[in-house]
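As a basis for the values below, the full set of heavy atoms in this structure was taken, side chains included, without hydrogen atoms, waters or symmetry mates.
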Amino acid sequence: MQTERRRNSDRRKFPTRPFSKFIFKGRRRRARREEENQNYYVDRYDAKYLALLLSILVLCVFDAYFTLKIIYYGGRELNPLMIKFLDKFPEISLLVKYLVTVISLVILLVHKNFIMFGKVKAYFFLYVIFSLYFLLVLYEVFFLFIHRF
């Protein structure tokens, strides 16, 4: 029989926390066992999620820029909350929009392996958000191209 050689307690006894101290040095990227394959946190995230989040944030910046251009050319904002901010504090409204997007994406990324609405994992919604932002920016570019000239 072998004796236990670990200095620290076995970390596997407790589930990984959403923001753990192992985020930079941990190795857990997925569930260890098939029965643990839902509603779990990881220490590290795949590069594809970083690329997806950065793409969404870039699209968010483009959306804000194109929205301001459309307003400049006589269009109007459709989001009632953003209308109030844009009227009083245009620069702060862009910062608020960006921060809300960043915080929402981080929360969604941390919970990417959790089942939502009883059927789909949360990471699916990252792709949905990317697709919606992409279509929105495409629409705004088309709108500016048609109405600017």
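- For the pair L59 and F134, the tightest heavy-atom approach, listed with the atom from each and the gap, is CD1-N, 3.8 Å.
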*Can K97 and N79 be said to form a side-chain contact (heavy atoms from CB on, under 4.5 Å), step by step?*
CA-CA 11 Å; K97 174 185 172 52; N79 183 343; over 6 Å; no
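- A distance of 13.0 Å separates CD1 in I129 from OG in S55, rounded to the nearest 0.5 Å.
- Take E77 and apply the side-chain hydrogen bond (donor to acceptor under 3.5 Å, both in side chains) test, not counting sequence neighbours, and it matches no residue.
- Rounding to the nearest 0.5 Å gives a distance of 9.5 Å between CG of L109 and CD1 of I56.
- Looking only at side-chain heavy atoms (C-beta outward), T67 and L94 stay at 4.5 Å or farther from each other.
- R76 places a side-chain heavy atom less than 4.5 Å from the side chain of L78.
- If you take CG on L108 and OH on Y49, they are separated by 10.5 Å, rounding to the nearest 0.5 Å.
- Follow the hydrophobic side-chain contacts under 4.5 Å out from L132 and you reach Y139 in the same cluster.
- Looking at heavy atoms from C-beta onward, L86 lies in side-chain contact with L68 at the 4.5 angstrom threshold.
- Note that CG of L126 and CZ of F124 are 10.5 Å apart. Values are rounded to the nearest 0.5 Å.
- The two residues E140 and F62 make their nearest non-hydrogen contact at OE1-O, 4.3 Å.
- Atom CG of residue L144 and atom OH of residue Y65 lie 8.5 Å apart, to the nearest 0.5 angstrom.
- Two residues are said to be in side-chain contact when any heavy atoms from C-beta on lie closer than 4.5 Å; L57 and Y98 meet this criterion.
- With a 4.5 Å cut-off on side-chain heavy atoms, F117 and F125 count as touching.
- Neither F143 nor I71 shares a network with the other; the hydrophobic side chains, linked directly or stepwise wherever heavy atoms of I, L, V, M, F, W or Y lie under 4.5 Å apart, form separate groups for each.
- Under the 4.5 Å side-chain heavy-atom criterion for grouping Ile, Leu, Val, Met, Phe, Trp and Tyr, L53 is connected to V128 within one hydrophobic cluster.
- I70 and L135 are members of different hydrophobic clusters when ILVMFWY side chains are connected at heavy-atom separations under 4.5 Å.
- Under a hydrophobic-cluster definition in which Ile, Leu, Val, Met, Phe, Trp and Tyr are linked whenever side-chain heavy atoms come within less than 4.5 Å, directly or via other members, Y127 and L50 are assigned to different clusters.
- Atoms CZ and CG, from F66 and L138 in turn, are 10.0 Å apart once rounded to the nearest 0.5 Å.
- T101 is listed as a side-chain neighbour of Y133, based on a closest heavy-atom distance under 4.5 Å.
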